[in-house]
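Below: one structure, written as structure tokens.
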There are 2 protein chains.
Amino acid sequence: MRIGELSRRTQIPIRMLRYYEERGLLTPQRAPSGYRHYQEADIEQATLVSSLVRSGLPTRLILPLLRDRQLNPMDGDETDDGDDDLVALFAAEFARLDSQVKCLSFSRSAVQQHLRRLRATRVRHTPTGT
Amino acid sequence: MRIGELSRRTQIPIRMLRYYEERGLLTPQRAPSGYRHYQEADIEQATLVSSLVRSGLPTRLILPLLRDRQLNPMDGDETDDGDDDLVALFAAEFARLDSQVKCLSFSRSAVQQHLRRLRATRVRHTPTGT
DNA sequence: CGTGTAAGGAATTCTGACACG
DNA sequence: CGTGTAAGGAATTCTGACACG
């Protein structure tokens, strides 16, 4: 598929799909026309990248993460060996995401609870509402 | 307790505790000296407010949410009756929080998975590590 | 001993303002 | 709008010392 279709199916702006490619996170083939050509599997990949980017991961961390993912588990080594710095960076990102999820989940349920009560009193006052 | 202790126990900057009060979200008593005096219950309240603020809720929405919370369920009306606008605003916030939680959770588990593999290969290459 | 007090400094808190993205 | 910071002052608390009965 071409970029427009991928954008539509993933809800990711075309601008961002091109940006991901610029950062090496997505590598579509090219038609003679120069049009990008994506595989079905790129839908999943683009979705993952988009999620990570929106979650605040710098693209330079997303790249090694993707490489790791594409490795055959049976393969030995082509990994970022013993990269202590990388491990530390990812550990920090994980901690950040974890606490952010907790904060948002907590807020989400507080808002949900409020919403329920708000609607309850609304109904009580507007019994004729459709 | 005074503002310093509350700040320490909630991990919320003093600056923010003062700001919450300015917005009517926290209403500590005052000592003759002018020092703020907080109750134990303010710990929970401050934590809730902080979470909501960090989650991106505007303080003007947090205020009615708190009021609602403090209402006795048996009481009748003193609520924001039939406030369609409020309901819509909260519904929008809820939707936003919900999708944000999903995005972050997804990213979180992707990073966690990567971290595991990263550590696994690190160990394989550094069997003597402590 | 238990208790009050003056002394000087350190830590805490106050407000109103400016800065930033 | 939420948050940080520098400024200048006021209230609070701390410690070690001296005094008293």
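None of these values were measured; they are calculated from a predicted model.
Annotation for A:His114 and B:Asp68: closest pair ND1-OD2, 2.6 Å, computed over non-hydrogen atoms. Between B:Ile12 and B:Thr47, the closest heavy-atom pair is CD1-N, 4.3 Å.
With a cut-off of 3.5 Å on both Watson-Crick or G-U wobble distances, the partner of D:dT12 is given as C:dA10. C:dT5: Watson-Crick or G-U partner is D:dA17, with both key distances under 3.5 Å.
Nucleic acid contact class of B:Pro32 (heavy atoms, under 4.0 Å, all strands): none. When heavy atoms are screened at a 4.0 angstrom cut-off, B:Arg8 is found touching no nucleic acid atom at all.
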For residues 90-102 of chain B, tabulate all N or O donor-acceptor pairs below 3.5 Å that involve a side-chain atom, not counting sequence neighbours.
{"unit_1": "B:Glu93", "atom_1": "OE1", "unit_2": "B:Arg96", "atom_2": "NE", "d": "3.0"}
{"unit_1": "B:Glu93", "atom_1": "OE1", "unit_2": "B:Arg96", "atom_2": "NH2", "d": "2.6"}
{"unit_1": "B:Arg96", "atom_1": "NH1", "unit_2": "B:Ser55", "atom_2": "O", "d": "3.2"}
{"unit_1": "B:Arg96", "atom_1": "NH1", "unit_2": "B:Gln100", "atom_2": "OE1", "d": "3.0"}
{"unit_1": "B:Arg96", "atom_1": "NH2", "unit_2": "B:Ser55", "atom_2": "O", "d": "2.9"}
{"unit_1": "B:Asp98", "atom_1": "OD1", "unit_2": "A:Arg108", "atom_2": "NE", "d": "2.5"}
{"unit_1": "B:Asp98", "atom_1": "OD1", "unit_2": "A:Arg108", "atom_2": "NH2", "d": "3.1"}
{"unit_1": "B:Asp98", "atom_1": "OD2", "unit_2": "B:Lys102", "atom_2": "NZ", "d": "3.1"}
{"unit_1": "B:Ser99", "atom_1": "OG", "unit_2": "B:Arg96", "atom_2": "O", "d": "3.3"}

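With rounding to whole Å, B:Leu26 atom CG is found 16 Å from D:dG2 atom C1'. Counting to the nearest Å, the P atom of D:dG2 and the CD1 atom of B:Ile12 are 14 Å from each other.
Within the 4.0 Å cut-off from OP1 or OP2 of D:dG2, at least one side-chain nitrogen or oxygen of B:Thr59 is found.
Between B:Arg30 and B:His37, every side-chain heavy-atom pair lies at or beyond the 4.5 Å cut-off. Using a 4.5 Å cut-off on side-chain heavy atoms (C-beta onward), B:Ile62 and B:Arg23 make no contact.
More than 12 heavy-atom neighbours from other residues, nucleotides or ligands sit within 6.0 angstrom of CD on B:Glu5.
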Produce the list of close N/O pairs, under 3.5 Å, pairing protein atoms with atoms of nucleotides 12-17 of chain C; give distances to one decimal.
{"unit_1": "C:dT12", "atom_1": "O2", "unit_2": "B:Tyr35", "atom_2": "OH", "d": "3.0"}
{"unit_1": "C:dT13", "atom_1": "OP1", "unit_2": "B:Gly4", "atom_2": "N", "d": "2.7"}
{"unit_1": "C:dT13", "atom_1": "OP2", "unit_2": "B:Gly4", "atom_2": "N", "d": "3.4"}
{"unit_1": "C:dC14", "atom_1": "OP1", "unit_2": "B:Arg36", "atom_2": "N", "d": "2.7"}
{"unit_1": "C:dC14", "atom_1": "OP1", "unit_2": "B:Arg36", "atom_2": "NH1", "d": "3.0"}
{"unit_1": "C:dC14", "atom_1": "OP2", "unit_2": "B:Arg18", "atom_2": "NE", "d": "3.3"}
{"unit_1": "C:dC14", "atom_1": "OP2", "unit_2": "B:Arg18", "atom_2": "NH2", "d": "3.4"}
{"unit_1": "C:dC14", "atom_1": "OP2", "unit_2": "B:Arg36", "atom_2": "NH1", "d": "3.1"}
{"unit_1": "C:dC14", "atom_1": "O5'", "unit_2": "B:Arg36", "atom_2": "NH1", "d": "3.2"}
{"unit_1": "C:dT15", "atom_1": "OP1", "unit_2": "B:Arg30", "atom_2": "NH1", "d": "3.1"}
{"unit_1": "C:dT15", "atom_1": "OP1", "unit_2": "B:Arg30", "atom_2": "NH2", "d": "3.2"}
{"unit_1": "C:dT15", "atom_1": "OP2", "unit_2": "B:Arg36", "atom_2": "NH1", "d": "3.1"}
{"unit_1": "C:dT15", "atom_1": "OP2", "unit_2": "B:Arg36", "atom_2": "NH2", "d": "2.7"}

